[in-house]
Amino acid sequence: MKKKLSVILCIVMAMSMMTGCTTFNNFRNAFFSDGASSNGQNGVSKTIKIGVYEPLTGEYKSYAEEEKIGIELAKEMYPQVLGKDVELIYADNQADMYVAETVINELVSQNPAVILGSYGETVTLVAGDAVKEAQIPAISITSTNPLITVNNPFYFRATIMETSQGEVLAAFAYEAQGKRKIATVRTEDDDIATTTVNRFNKKFRSLATEESTGIVGNYQVKSDTTDYSETLKKIKDSGADAVYLYLSAAKADEFLKQAKEAKLDNILYIGTKDWVDADFQKNVADRKISIAYASDFSVAAHQTATSEKFVKAYKDKYGEDAEPTEAMALAFDSYVMALKAIENAYSNIMSYDFDKMTEDGASEDDIKAAKAEWIKALELGVPNGDAIRRALTQLDDFEGASGLISFNGTNEAKKSIVVNYFIAGEVKEPYTGEVVENSSASAVDSSAESDEIE
């Protein structure tokens, strides 16, 4: 059967170059009608490979393990695509940019349909050129650096970008928490922080209609400072009832320790995705400080039916008291989105109508390329990388564990943002808001607002 298929494909290839679309369509219908896909799946490719590009050893092994758990749980639930078994190919970049360059090239050489990962922005950026040149779509699971996706249509992002948090956090502060006077704190010379804070301020001002309401101070701190007393005094004098504290978990931990000492522990501190850190949250709870931060996922948020299935599957495997993390949910979604895109891409290619393409005025070169794409997908039973990339951009309201995900023709996920909220360590009902815009092209605006207070 394989020999027969190969011979037929060779004939098809030759005929496609010499004859018109009608002849080609008739030939296709005669030889590849209902059995086309099953014949193709018995061809060269016996499995469909998904690359897992992660620091499986080294400094960030524990973080990569969370993403690996999410991917493997998804594979257990969805082990096949297009009737083939999915094969996970692991590539350990060791969180080292020099190792990563070799590892990603080795992974690409194995022709996976999609690559998932990596944890860590530097090694993810290192992979960019390789996946773009090989035209293999990749999905960054938790890395938020805008440069990963800018000018690289083959690298997608499953998580929200840092800069997308601003509007939702402002709405949470004003509408859900009734905060009316906000101060902001960020590290100086941080373009992403500047953009995110600016978007927060713009949204809060649009909501704050009362005369006494608004942004009462924008403060910058040096990246190496450990003394926040001057900034805390300004916040106290401003009368702020909430602070948008755009600092990492480590820096925010020290800031909030000093805030407690300065008796500024009675206001709400709103922070970044980095605040998901367990040690940071424990310290905040011990100090009886109220915090909120943006994320993609919360077990308590009940975002979709898939969220429920994901949490149940996780608890069934790891125990009723175990709770999946945000990274696990995003990794789960990345795997399932990859499978959905592969299915859609194959279906799209198999539905090509070359007669209609001619009627619609497609060029001879475009039709020839479409025929070659159709023949290759049929022969291997796997769509090519660019077809999968196109299918990913077309995902709309994909129901994932971390919410509804759409790409809207881009490589940036548009999705809801969950705001996790704690009062003195006590978990409160999460707030969910929609991202207004999430375009990598305008992700970073390094210009500070005119009312910036140094």
Side-chain angles (χ1 to χ4, degrees), residues 37-38 40-42 45-54 64-91 107 110-117 136-142 156-159 296-297 299 302-318 322 324-350 377 380-383 385 387-407 413 415:
S37 61
S38 61
Q41 289 168 1
N42 290 325
S45 179
K46 297 184 184 301
T47 63
I48 291 183
K49 301 173 183 177
I50 302 291
V52 180
Y53 172 67
E54 292 284 357
E65 183 65 22
E66 291 188 28
E67 297 189 9
K68 183 168 175 276
I69 286 171
I71 291 168
E72 292 180 345
L73 183 61
K75 183 180 180 295
E76 289 176 16
M77 295 174 67
Y78 307 103
Q80 291 189 326
V81 61
L82 298 178
K84 298 173 183 287
D85 290 337
V86 174
E87 177 186 357
L88 296 179
I89 306 173
Y90 294 92
L107 179 57
Q110 298 181 68
N111 297 315
V114 179
I115 294 172
L116 307 179
I136 297 173
I139 304 175
S140 168
I141 297 170
T142 56
F156 289 73
R157 192 192 320 277
T159 186
D296 289 85
F297 170 79
V299 172
H302 308 290
Q303 289 158 278
T304 67
T306 302
S307 306
E308 305 291 340
K309 291 177 185 177
F310 164 70
V311 172
K312 182 180 185 304
Y314 183 83
K315 289 180 176 290
D316 286 346
K317 183 171 184 177
Y318 295 101
T325 65
E326 174 186 81
M328 294 173 191
L330 289 168
F332 179 95
D333 287 349
S334 297
Y335 174 93
V336 182
M337 284 193 297
L339 264 56
K340 184 64 175 173
I342 291 168
E343 286 180 344
N344 290 351
Y346 190 82
S347 177
N348 291 340
I349 292 172
M350 290 298 105
L380 300 180
V382 183
I388 297 171
R389 179 197 65 79
R390 296 194 306 265
L392 274 169
T393 69
Q394 293 163 4
L395 286 182
D396 183 42
D397 283 344
F398 171 84
E399 188 177 297
S402 64
L404 295 178
I405 304 169
S406 299
F407 283 101
K415 58 198 299 189

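In this text the structure is predicted, and so the values were computed from the model without any measurement. Atoms considered below: every heavy atom in the structure, side chains included; atoms not considered: hydrogens, waters and symmetry mates.
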Pairwise side-chain contact, [X] with [Y], heavy-atom cut-off 4.5 Å (strictly under):
X: Val81; Y: Tyr346; value: no
X: Asn111; Y: Val382; value: no
X: Lys68; Y: Glu54; value: no
X: Ser406; Y: Asp396; value: yes
X: Lys84; Y: Lys46; value: no
X: Arg157; Y: Ile139; value: no
X: Lys75; Y: Ile50; value: no

* **side-chain hydrogen bond (donor to acceptor under 3.5 Å, both in side chains), paired with Lys415, selected from Thr159, Asp333, Asp296, Asp397** =>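 So, applying the side-chain hydrogen bond (donor to acceptor under 3.5 Å, both in side chains) to Lys415 and each of Thr159, Asp333, Asp296, Asp397, only Asp296 qualifies.
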
* Go through Ile71 and Ile141 one step at a time and tell me if the side chain to side chain contact (heavy atoms under 4.5 Å, CB included) criterion holds. => CA-CA 10 Å; Ile71 291 168; Ile141 297 170; 4.0 Å; yes

Taking all non-hydrogen atoms of both residues into account, name the closest pair between [X] and [Y] and its distance.
X: Gly400; Y: Ser307; value: O-OG, 3.8 Å
X: Met350; Y: Ala377; value: CE-CB, 4.0 Å
X: Tyr53; Y: Leu107; value: CB-CD2, 3.9 Å
X: Glu308; Y: His302; value: OE2-ND1, 2.8 Å
X: Ala413; Y: Ile405; value: CB-CG2, 3.8 Å
X: Ala401; Y: Phe332; value: CB-CD2, 4.0 Å

Rounded distance [0.5 Å steps], [atom1] in [X] versus [atom2] in [Y]:
X: Met328; Y: Glu66; atom1: CE; atom2: CD; answer: 4.5 Å
X: Leu88; Y: Leu116; atom1: CG; atom2: CG; answer: 8.0 Å
X: Asp316; Y: Lys312; atom1: CG; atom2: NZ; answer: 4.0 Å
X: Ser402; Y: Gln303; atom1: OG; atom2: CD; answer: 6.5 Å

* To do: Would you check if the distance from the ring center of Phe297 to the ring center of Phe310 is below 6.0 Å?
  =>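 Phe297 vs Phe310: aromatic centres under 6.0 Å.
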
Using atom types as modelled, flag every donor-acceptor pair under 3.5 Å from a side chain in residues 334-344 to any protein atom, sequence neighbours excluded.
residue, atom, partner, partner atom, Å
Ser334, OG, Leu330, O, 2.8
Tyr335, OH, Tyr78, O, 2.6

* Crowding at NZ, Lys317 (>12 non-hydrogen neighbours, <6.0 Å) ->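 Atom NZ in Lys317 is crowded, with more than 12 foreign heavy atoms closer than 6.0 Å.
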
* Quick one: side-chain contact (heavy atoms from CB on, under 4.5 Å) partners of Ala387, sequence neighbours excluded? ->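 Applying side-chain contact (heavy atoms from CB on, under 4.5 Å) to Ala387 gives Ala345, Ile349, Glu373, Pro383, Asn384, Arg390.
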
* Worked check of side chain to side chain contact (heavy atoms under 4.5 Å, CB included) between Glu67 and Thr142 -> CA-CA 8 Å; Glu67 297 189 9; Thr142 56; 2.5 Å; yes

* Check whether any side-chain N or O of Thr47 sits under 3.5 Å from a backbone N or O of Asp85 as a donor-acceptor pair, and report yes or no. =>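 Here the side-chain-to-backbone pair does not exist.
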
* Derivation of the side chain to side chain contact (heavy atoms under 4.5 Å, CB included) call for Leu404 and Glu399 -> CA-CA 5 Å; Leu404 295 178; Glu399 188 177 297; 4.1 Å; yes

